[in-house]
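Below is one structure, written out as structure tokens; the observations come after it.
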Amino acid sequence: MKSNVKFVQGNEACVEGAIYAGLKFFAGYPITPSTEIAEALSARLPQVGGKFIQMEDEIASMCAIIGASLTGHKVMTATSGPGFSLKQEALGYAVMAEIPCVVVNVQRGGPSTGNPTHVAQGDVMQARWGTHGDHAIVAMTASNHQDVFAVTVEAFNIAETYRTPVVLLFDEVVGHMREKLVIPAPGEIPLVERLHTSVPGGVDYHPYLPREDGRLPMSDFGGVHRYNVTGLFHDMWGFPSDNPGVVHGLLRHLVDKIENNTYQMARYKEFCLEDADTVLVSYGSSARSALHVVRNRRARGERLGLLELQTLWPFPAAIVREKCARARSVVVVEMNTGQIMREVKAAVSDPERVFLANRIDGTLITPTDIRNILRLIQGRGV
Amino acid sequence: MERCRIVFSGSGGQGVITAAILLAEAAVIEEGLNAVQTQVYGAAARGGATRSDVIVAEEEIFFPKVLQPNVLVCLTQEAYNKFYPIIRPGGMLITDPRYVKIETKVDARQRELEMFRAVMDRIGKPIVFNICMLGAVIRLTGLIRPESVMKMLERRLPPAFMDMNRQALQIGIELAEAA
């Protein structure tokens, strides 16, 4: 038996991915269906010299990881819908102050306390626009444990590369389900480490002065440099400024650093798209049902394909447009009232051929649900 | 092998979910198969109705829930009443007559195994009832070898508990062979 083969929950796959990526600090407050992430990290982090802390609530957890990240460590918190709502203000602070961090939301039914132990994908737009003000954000997801692991590592890499919070939008089915996970060997997946300033102690360090490549080297807070961090618009020193040029420049920078790199951050998988006249677009656990349908229907000669999105934000519109260009119909499979469907409609040349196959009752959408909707779209009746 | 879809159902505290996880884990780690395990998370703790789904296959498994089980295990009357209609035609229903009175004919092979009584008579500890049930399931389905289950148990349990579990697994296998 190989010791790198595990049979675990998706939440544990996320934990192992985070440890692999170099997570050293986790602050959280348990909430179903994300609790196993906190539970497992309380055991795993001390084994790798990291710190685990259960805070008094989700707001404090988010603030704690922001502070810890500034001291030079890779950080993460995990929650579900109600906790994700509470984290939004501090999430915006991390966007503004450009703090690398990873925020996991294992989605359950909402709004409010909603349907705690059941699956939903209703927080896609909350991830995008949950915090106030114009901004850009990165959000990623996955449908199986190997991908949960890889996407979690990628989330840390993107957080460090672009100095940004990254949201991992998993869901109850993927979080709680158990399946095989093969832990990659060290070095198999490249890691991005913190970019430290080369400015020595005693010399002025400008925390928000970009290098030529646009990246902002960091100095461990509490170390050799004194600098200011604020949620207000700020100059290159990190001090508040309402100078219109500074405000405009910073907001442009915050949005452009993400959106100009949409293609680089776009993770997706495609199945049988070459000759597909119907393209399913899906993500997270819904994509498992969609893939089941594609495999079954292909065996019976139907030209069905799947585009599985792993990066939801920034939305990879150009890729969706290209992959759906030859399809007679595009069917978005998701467990909400059409949050990604709207993006797909906006991305393709002919939004009239985009349809929604969804389920919003806390039950995983089944292959039969999808097949019935496909038959209706094709005018064949259920 | 044929893809096998199993639903384990019973009451919180019977070890139904533990047995489901053991089976799926042994299939993946020891037998090199693919397996997916899910369970219903409700407000149920000890005493509430529980259900866990396991799919075992050689190929990849995408949709992880079981809609029509080939094998349905019901360890309480409530579970039986709720789940017997979903069994796949020609499938197998496994119950313990101590807990379940079969009232309706279903299109399935029905195996009523006196697992609880055998465990109490021969071991005297109800805690290994679920392992006995698992022994019966693996014998009736031929899905995995008993040694694979024992290896999974070795990872979890102190050595002092191994004999009792080995014995319970064997009782389940024997009951299945006699059925």
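Letters go in sequence order (proteins before strands), and every chain restarts at 1.
- Residue A:Lys269 qualifies as enclosed at atom NZ: its count of foreign heavy atoms under 6.0 Å is above 12.
- When every heavy atom of B:Ile21 is checked against every heavy atom of A:Phe7, the shortest pair comes out as O-CE2, 4.1 Å.
- Within the structure, ring-ring contact (aromatic ring centres under 6.0 Å, His included) pairs that include any residue of residues 125-158 of chain B comprise B:Tyr99-B:Phe129, B:Phe116-B:Phe129 (at least two apart or interchain).
- Interface residues of residues 163-172 of chain B toward chain A, defined by a heavy-atom distance below 4.5 Å: none.
- Residues of residues 51-73 of chain B that come within less than 4.5 angstrom of chain A, heavy atom to heavy atom, are B:Ile61, B:Phe62, B:Phe63, B:Pro64, B:Lys65, B:Leu67 in numerical order.
- For CD of B:Glu177, the number of neighbouring non-hydrogen atoms (other residues, nucleotides, ligands) closer than 6.0 Å is greater than 12.
- Dense packing is recorded around CG of B:Leu157, with more than 12 heavy atoms of other residues, nucleotides or ligands lying under 6.0 Å away.
- Counting non-hydrogen atoms of neighbouring residues, nucleotides and ligands closer than 6.0 angstrom, the CZ atom of A:Arg300 reaches no more than 12 such neighbours.
- With chain B as partner, the option from A:Val173, A:Leu291, A:Thr368 having the largest number of non-hydrogen pairs under 4.5 angstrom is A:Leu291.
- Summarising the local packing, CZ of B:Arg3 is surrounded by more than 12 heavy atoms from other residues, nucleotides or ligands at distances under 6.0 Å.
- More than 12 heavy atoms of other residues, nucleotides or ligands shown are found within 6.0 angstrom of CZ on A:Phe355.
- Evaluation of the side chain to side chain contact (heavy atoms under 4.5 Å, CB included) rule for A:Ser143 yields A:Ala287, A:Arg288, A:Glu308 as partners, not counting sequence neighbours.
- Contacts between A:Val293 and chain B at a heavy-atom distance below 4.5 Å are absent for every atom of the residue.
- In this structure the side chain of A:Lys180 reaches within 4.5 angstrom of the side chain of B:Asn34, judged on heavy atoms.
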